[in-house]
J.: 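This is the structure I want to talk about, given as structure tokens.
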Amino acid sequence: MQYTAPGRVNLLGEHTDYTGGLVLPMAIPFATTASISAADAGYRFTSTAFENTRDTYAGDDTPKANDWSDYPVGVLRELLALGLEVPPFSLNLDGDVPLGAGLSSSASIEVATTVALLHHSKASLSAQEMALLCQRAENRYVGSPCGIMDQFVVTAAIEGHALLLNTRDLSFEHLPMNSGALAECSVVVANSMVKHSIANGDYGTRRNELEVGQAAICQAYPQVRDLGDASMEQLEACRSAIPAESYLRCKHVITENARVREAAESMKRGDAAALGDAMNRSHASQRDDFQDSVAEIDFLAATAVTLYGCYGSRLTGGGFGGCTVNLVLTTAAESFQRDLASAYRKRYQIDAEIYRCTPSDGAVARLERNA
Ligand code: ADP
Ligand code: MG
């Protein structure tokens, strides 16, 4: 049996998903397929993208392999921790979500594995439980301190819509992406093909800096539960008590939450220009305040907005490389792709991969469609 889960691109709301903030991602047509068959004994994982096979019984003492297989094994461990009886299987993962490019191949492989293992075990979980389980797998076993956005949208997205998610209480709204001027627009993802090696450590550092600022605000204002509640006035009042880096990271998150609110309203009105403007301001905030951009990405974003038909462009995903997301008039998408690629090649001698992405179904909607 085969089960699929998509990748995702985040339109707005970066680094807001682990401090109770808002995010606005959508699922993309790239996907991971998990093919599962019953086996005589044990649990076997393979991936078309990698050579090694992982055989495990996934006990409590299962050491990490420190490779791709930790993602699906982490999922299996979380399912077993729920008390689920999982019969022996062989599971192969195959997909076209670019790995490590900020389009969340990790959540895609986790959610595809979860759906496959649940069906194999004749069990079910709600979309929210699945997303939380995948996040736990990534946090606890893989060891990456990610928020909930990726797993949630990869599970719960529906075609034609972006997903406005409140990461504090996991309430969400599907926002149609075809109202007003947005009906004439496409989401174009530009993969810079660079990933700076500082990425992993720096994600954790940024997160710590943010949490220091958040703790100071929560202490000064007991009614503030997390940065999702905080205002710029409150941050300013705490400025002298926190390191300069913490101030900048918190400033990004507080202003980013406001931009997501604004962008969601723009989307409902079908106001492509206003949505694009919020994306551009988000990029500037990541570049200057959160400081998780790199020269190649800044070049792609700055060039994109000079091209005909582009309303907005920003770094998307974990940062330090990866992709930009662009809102572009559909009639101009082809020339946009060509001209952006050519400018990038000229400047960096790198061939960017540029894809037009329609908002796609998450894993649950895919299952329902195939049922
Ligand atoms: P991103 O989620 O942005 O793609 P991550 O570093 O979070 O980047 O996750 C990428 C990792 O997920 C890959 O290096 C690999 O270990 C794992 N992965 C994703 N898709 C697959 C797949 N189809 N097969 C095996 N491993 C995969
Ligand atoms: Mg990831």
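We count ligands from 1, going down the list as the structure has it; atoms in each ligand are counted the same way.
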J.: Any atoms of ligand 1 less than 4.0 Å from a non-hydrogen atom of G102? List them with their elements.
T.: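 That gives atoms 3 (O) of ligand 1.
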
J.: Any carboxylate oxygen within less than 4.0 angstrom of a Lys/Arg side-chain nitrogen, looking at D55 and R44?
T.: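 The answer is yes: the pair qualifies as a salt bridge.
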
J.: Check ligand 1 against A101 and write out every atom of the ligand that is under 4.0 Å from a heavy-atom position of the residue.
T.: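 Heavy-atom distances to A101 below 4.0 Å select 3 (O), 4 (O).
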
J.: Checking contacts here: is it the side chain or the backbone of A107 that comes within 4.0 Å of ligand 1, counting heavy atoms only? Could be both or neither.
T.: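 It is neither part, as no heavy atom is under 4.0 Å.
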
J.: Of the non-hydrogen atoms in G20 and N166, which two are nearest, and what is the gap between them?
T.: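 It is O-OD1, 4.3 Å.
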
J.: Closest heavy-atom contact between R140 and E78?
T.: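 In terms of heavy atoms, the two residues are closest at NH1-OE1, 3.1 Å.
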
J.: Give the atoms of ligand 1, by number and element, whose distance to some non-hydrogen atom of L99 is under 4.0 Å.
T.: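 Going through ligand 1 atom by atom, the ones under 4.0 Å from L99 are 4 (O), 19 (C), 20 (N), 21 (C).
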
J.: Considering only heavy atoms, does L103 approach ligand 1 within less than 4.0 Å through its side chain, its backbone, both, or neither?
T.: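 Under 4.0 Å from ligand 1, L103 contributes backbone atoms alone.
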
J.: How close do F290 and R206 get, counting heavy atoms only, and between which atoms?
T.: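 Taking every non-hydrogen atom into account, O-NE, 2.7 Å.
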
J.: Any ion pair linking E14 and R314 (charged N to carboxylate O, less than 4.0 Å)?
T.: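 A salt bridge links R314 with E14.
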
J.: If you count the atoms of ligand 1 from 1 in the order shown, which ones are under 4.0 Å from a heavy atom of S47?
T.: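 By the 4.0 Å cutoff, the relevant atoms are 22 (C), 24 (N), 25 (C).
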
J.: Can you figure out which of S69, G100, S106 has its heavy atom closest to atom 2 (O) of ligand 1?
T.: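 Comparing heavy atoms across S69, G100, S106, the nearest one to atom 2 (O) of ligand 1 lies in S106.
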
J.: Before accepting this row, confirm whether a basic side-chain N of the pair R249/D289 lies closer than 4.0 Å to the acidic partner's carboxylate O.
T.: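 D289 and R249: not salt-bridged.
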
J.: What count do you get for protein N, O or S atoms closer to the Mg ion (ligand 2) than 2.8 Å?
T.: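 Count of protein N, O, S atoms less than 2.8 Å from the Mg ion (ligand 2): 1.
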
J.: At their closest point, which heavy atom of M26 faces which heavy atom of C357, and how far apart are they?
T.: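 Taking every non-hydrogen atom into account, CE-O, 3.4 Å.
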
J.: Who's closest to atom 21 (C) of ligand 1 heavy-atom-wise, of V154, I109, L93, T48?
T.: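 It is I109 whose heavy atom sits nearest to atom 21 (C) of ligand 1.
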
J.: Could you see which bit of S108 sits under 4.0 Å from ligand 1, with heavy atoms only: side chain, backbone, both or neither?
T.: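 Neither part.
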
J.: Would you check the N or O atoms of S105, main chain and side chain alike, for any that come under 3.5 Å of an N or O of ligand 1?
T.: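 By distance alone, the answer is yes.
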
J.: Taking only Lys NZ, Arg NE, NH1 and NH2, and the carboxylate oxygens of Asp or Glu, determine whether E262 and R259 approach each other closer than 4.0 Å.
T.: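 Salt bridge flag = no for R259 with E262.
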
J.: Does P98 come within less than 4.0 angstrom of ligand 1, counting non-hydrogen atoms of the residue?
T.: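 So P98 counts as touching ligand 1.
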
J.: Looking at R168 and D229, does any basic side-chain N land under 4.0 Å from a carboxylate oxygen?
T.: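 A salt bridge is present here (some side-chain N lies under 4.0 Å from a carboxylate O).
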
J.: Are E211 and R207 within salt-bridge range, i.e. N to O under 4.0 Å?
T.: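 So E211 pairs with R207 through a salt bridge.
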
J.: Is the terminal nitrogen or CZ of R239 (NZ for Lys, CZ for Arg) located under 6.0 angstrom from the six-membered ring centre of Y247 and within 45° of that ring's axis?
T.: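 Yes, a cation-pi geometry holds between R239 and Y247.
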
